[in-house]
Amino acid sequence: MISFPRIINSIPGTLGIMSIACSQLVNAQTAEKPNIIIIYADDLGYCDVSCYGATRISTPNIDRLAKHGLRFTNAHCTSATSTPSRYSLLTGEYAWRRKGTNVLPGDASAIIQPDRTTLASVMKNAGYTTGVVGKWHLGLGHEGGPDWNGEIKPGPMDLGFDYNFIIPATGDRVPCVFIEDRTVVGLDPNDPISVSYVGKIGTWPTGKENPELLKMHPSAGHDMTIVNGISRIGYMTGGKSALWVDENIADVITGKALKFIESNKDKPFFLYFSTHDIHVPRVPNQRFTGKSGMGPRGDAILEFDWSVGEIVKTIKNLKLTKTTIIIVTSDNGPVVDDGYKDEAVEKLGNHKPAGPLRGGKYSAFDGGTRVIFIVSWKGKIKPGTSEALFSQVDLMASFAKLTGQNLATGVGPDSQNHLDVLTGKSKANREWVVEHASNGRLSLIKGDWKFIEPGPGVKVQANTNIETGNDPLPQLYNLNTDIGEKTNVALQNPLIINELTELLQNIKEK
Ligand code: NG6
Ligand code: CA
């Protein structure tokens with residue numbers, strides 16, 4: 001068993017054998033090396049868990065973690081959808097600075113190149129064993145996409161992860177297979193996989209042609225190849241022995257995460273555990289079916305809470321509680337109907353996934369990007385609530401600092417070190433954060449103010465029924481008195497509009 005605190009020397013030179021990415025880091029002396037686990041939910045709303053105010057649903061494991069840790073009320077992912085938020089988390093750069101970083105199809109090539117320093121390579125450089133388990137959604141392979149039947153490269157292992165067990169894109173996008181290290185898990189070479197996002201390939205039925213075969217029907221899109229009775233986005237054929245079973249995804253990936261923790265318990269590890277819950281299609285294990293009374297969306301929240309509980313229990317059993325930082329957060333805000341008729345709308349009742357916030361996933365309003373954010377580190381982080389402004393983009397610089405490293409110039413360009421805010425030692429948070437809506441619109445939060453840049457577009461997204469935040473005029477809200485962004489006070493505050501417009505422009509041009 002490891003004694004606490006663990007101190008490891010990062011000696012430049014002896015680490016010279018490590019990847020090119022590491023040469024972009026400046027190693028510093030001695031530092032503390034707690035294990036770090038980021039549990040990254042998918043589409044979980046600000047008030048989808050009971051410690052953030054949900055009353056119809058109970059999430060005891062997340063609540064317990066919050067009770068013993070620091071619960072942030074003003075923490076943000078960088079974008080209102082998955083790919084860009086994950087891009088920022090791993091690169092320390094706002095995704096809107098780069099083309100091609102919006103929601104990716106399942107056959108996209110890698111959007112982070114192997115020469116980039118990532119959150120994982122920063123941790124690896126500090127001597128950590130690094131792993132990613134769960135949803136990836138950052139593309140794989142060279143231009144033209146991954147070779148599903150061969151070696152899948154570049155992938156997480158080329159971006160600083162020693163281990164990966166991933167869902168290539170999303171649960172609702174083909175191919176519906178897991179990848180471990182560089183190959184598709186359980187693939188029979190005599191039954192190769194073909195994937196297309198252009199047109200139908202092979203003979204497998206589609207939701208459009210054979211709706212009678214479906215166990216869950218789409219409400220929008222999602223009418224292409226049927227896998228396990230659910231039609232998806234994209235077409236695939238082959239790889240029958242490798243197909244995942246939706247009901248078992250949480251069990252499988254939680255199991256892999258636990259195994260990674262157990263195998264690395266004696267040395268510092270970094271685990272990015274990125275769950276499929278509570279994204280569509282929502283098909284939780286039968287243990288959770290009907291348990292929330294809110295249909296599959298609520299049941300998926302219970303399943304997510306279970307996954308969190310398994311991680312916490314394992315850390316406790318291994319006596320690693322005092323040497324492990326656990327973060328629980330989400331890639332973007334909530335959506336109720338996200339393209340399947342899964343009773344989420346009908347059974348929502350008075351549950352408000354975004355609580356007092358306006359909008360949700362995809363939106364420029366805070367419902368899109370203000371997320372649950374809980375940090376626990378027993379003995380090091382004082383339990384409580386933090387109202388500090390915090391952004392996921394800062395984890396890279398903050399963990400570099402924690403492990404005694406400075407990021408070289410140009411690395412993680414938008415990531416700032418706010419370790420003391422993260423650990424509750426300081427309230428001196430970053431001055432502003434930028435939020436990015438799915439249509440590309442940017443917002444800026446500075447102090448009490450939230451500014452949404454003007455632009456065209458519909459006010460309400462057709463299928464999801466979510467308010468986009470689009471307005472041809474600038475919007476300004478005082479989040480301190482109006483967290484629901486109900487009263488636009490732009491006209492009354494022309495000087496603030498000017499200041500924030502200019503600041504946002506400067507940030508864009510940085
Ligand atoms: C949308 C999908 C939605 C979801 C989203 C990405 C339709 C109608 N909607 O295009 O179901 O997959 O993309 O979600 O196809 S995310 O959380 O991965 O960003
Ligand atoms: Ca998401």
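Indexing begins at 1, ligand by ligand and atom by atom, following the structure's order. Worth saying up front: this structure is predicted, and the values here are computed from it rather than measured. The figures that follow rest on heavy atoms only: side chains count, while hydrogens, waters and symmetry mates do not.
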Q: Pull out every atom of ligand 1 sitting under 4.0 Å from any heavy atom of Asp42, numbered as shown with elements.
A: 17 (O)
Q. What are the atoms of ligand 1, with element, lying closer than 4.0 Å to any heavy atom of His137?
A. 18 (O)
(Q) Could you check whether Asp162 pairs with Lys124 (Lys NZ or Arg NE/NH1/NH2 to Asp/Glu carboxylate O, under 4.0 Å)? (A) yes
Q.
Could you identify the single nearest non-hydrogen protein atom to atom 14 (O) of ligand 1 and state the distance to 0.1 Å?
A. Lys361 NZ, 2.8 Å
**Q.** Top protein contact for atom 10 (O) of ligand 1, by heavy-atom distance
**A.** Arg173 NH2, 3.6 Å
Q | His217 ring center near Tyr340 ring center (under 6.0 Å) | A | no
(Q) Heavy-atom pairs closer than 4.0 Å: do any link ligand 1 to the side chain of Tyr340, the backbone, both, or neither? (A) neither
Q.
List ligand 1 atoms under 4.0 Å from Thr170, heavy atoms only on the residue side.
A. 18 (O)
Q) Would Tyr128 and Phe270 count as a close aromatic pair, with their ring centres under 6.0 Å? A) no
(Q) Considering non-hydrogen atoms of the protein only, which is the closest contact for atom 8 (C) of ligand 1, and what is the distance? (A) Ala220 O, 3.6 Å
Q) Using 30° and 60° as the class limits, which term best fits the ring planes of Tyr163 and Phe260: parallel, tilted or perpendicular? A) parallel
Q) When you measure from atom 5 (C) of ligand 1 to every protein heavy atom, which one gives the shortest distance, and what is it? A) Tyr362 OH, 3.4 Å
Q) Are side-chain heavy atoms of Asn102 and His436 found at a separation under 4.5 Å? A) yes
Q | Angle in degrees, rounded to 10°, that OD2 of Asp331 and OD1 of Asp43 form at the Ca ion (ligand 2) | A | 150°
Q | Main-chain N/O of Ala120 paired to Tyr272 side chain as donor or acceptor, under 3.5 Å | A | no
(Q) Closer than 3.5 angstrom, by distance alone: can the side chain of Asn463 be matched with the main-chain N or O of Ala220 as a donor-acceptor pair? (A) no
Q) Is the NZ or CZ atom of Arg98 positioned over Trp96's six-membered ring, under 6.0 angstrom from the centre and within 45° of the axis? A) no
Q.
Heavy atom to atom 9 (N) of ligand 1, shortest distance: which of His222, Arg86, His279 holds it?
A. His222
Q) Is it true that a side-chain atom of Ser231 and a backbone atom of His222 form a donor plus acceptor pair closer than 3.5 Å? A) yes
Q.
Using a distance threshold of 3.0 Å, state whether an N, O or S atom of Thr170 lies below it from the Ca ion (ligand 2).
A. no
Q. Would you say ligand 1 has an N or O under 3.5 Å from any N or O of Thr81?
A. no
**Q.** Proximal atoms of ligand 1 relative to Ile233 (non-hydrogen, under 4.0 Å)
**A.** 15 (O)
Q.
Applying a heavy-atom cut-off of 4.0 Å, say which part of Lys135 lies close to ligand 1: side chain, backbone, both or neither.
A. side chain
Q. Got the closest protein heavy atom to atom 11 (O) of ligand 1, with its distance?
A. Asp338 O, 2.8 Å
Q. Would you say Thr83 has any N or O atom under 3.5 Å from an N or O of ligand 1, going by distance alone?
A. no
Q.
Check contact between Gly339 and ligand 1, using heavy atoms of the residue and a distance below 4.0 angstrom.
A. no
Q. Within the side chain of Arg56, is there an N or O that forms a donor-acceptor pair under 3.5 Å with the backbone of Leu348?
A. yes
**Q.** Close aromatic pair by centroid cut-off 6.0 Å: Phe273 and Tyr40
**A.** no
(Q) Taking the side chain as everything from C-beta on, heavy atoms only, tell me whether Ser274 gets closer than 4.5 Å to Arg86. (A) yes
Q) Which ligand 1 atoms does Asn332 reach within 4.0 Å, using its non-hydrogen atoms? A) 17 (O)
Q. In terms of atom number and element, which parts of ligand 1 are under 4.0 angstrom from non-hydrogen atoms of Val103?
A. 6 (C), 19 (O)
(Q) Measuring from non-hydrogen atoms of Val280 to any atom of ligand 1, is the shortest distance under 4.0 Å? (A) yes
Q) Does the ring centre of Phe178 sit less than 6.0 Å away from the ring centre of Phe165? A) yes
(Q) Does the plane of the ring in His418 sit parallel, tilted or perpendicular to the ring in Phe390? Use 30° and 60° as the thresholds. (A) perpendicular
Q: Report the angle formed at the Ca ion (ligand 2) by atom OD1 of Asn332 and atom OD1 of Asp42, rounding to the nearest 10°.
A: 150°
Q. What atoms of ligand 1 come within less than 4.0 Å of a heavy atom belonging to Ser82?
A. 16 (S), 17 (O), 18 (O), 19 (O)
(Q) If the cut-off is 4.0 Å to any non-hydrogen atom of Asp172, which atoms of ligand 1 fall inside it? (A) 3 (C), 4 (C), 11 (O), 12 (O)
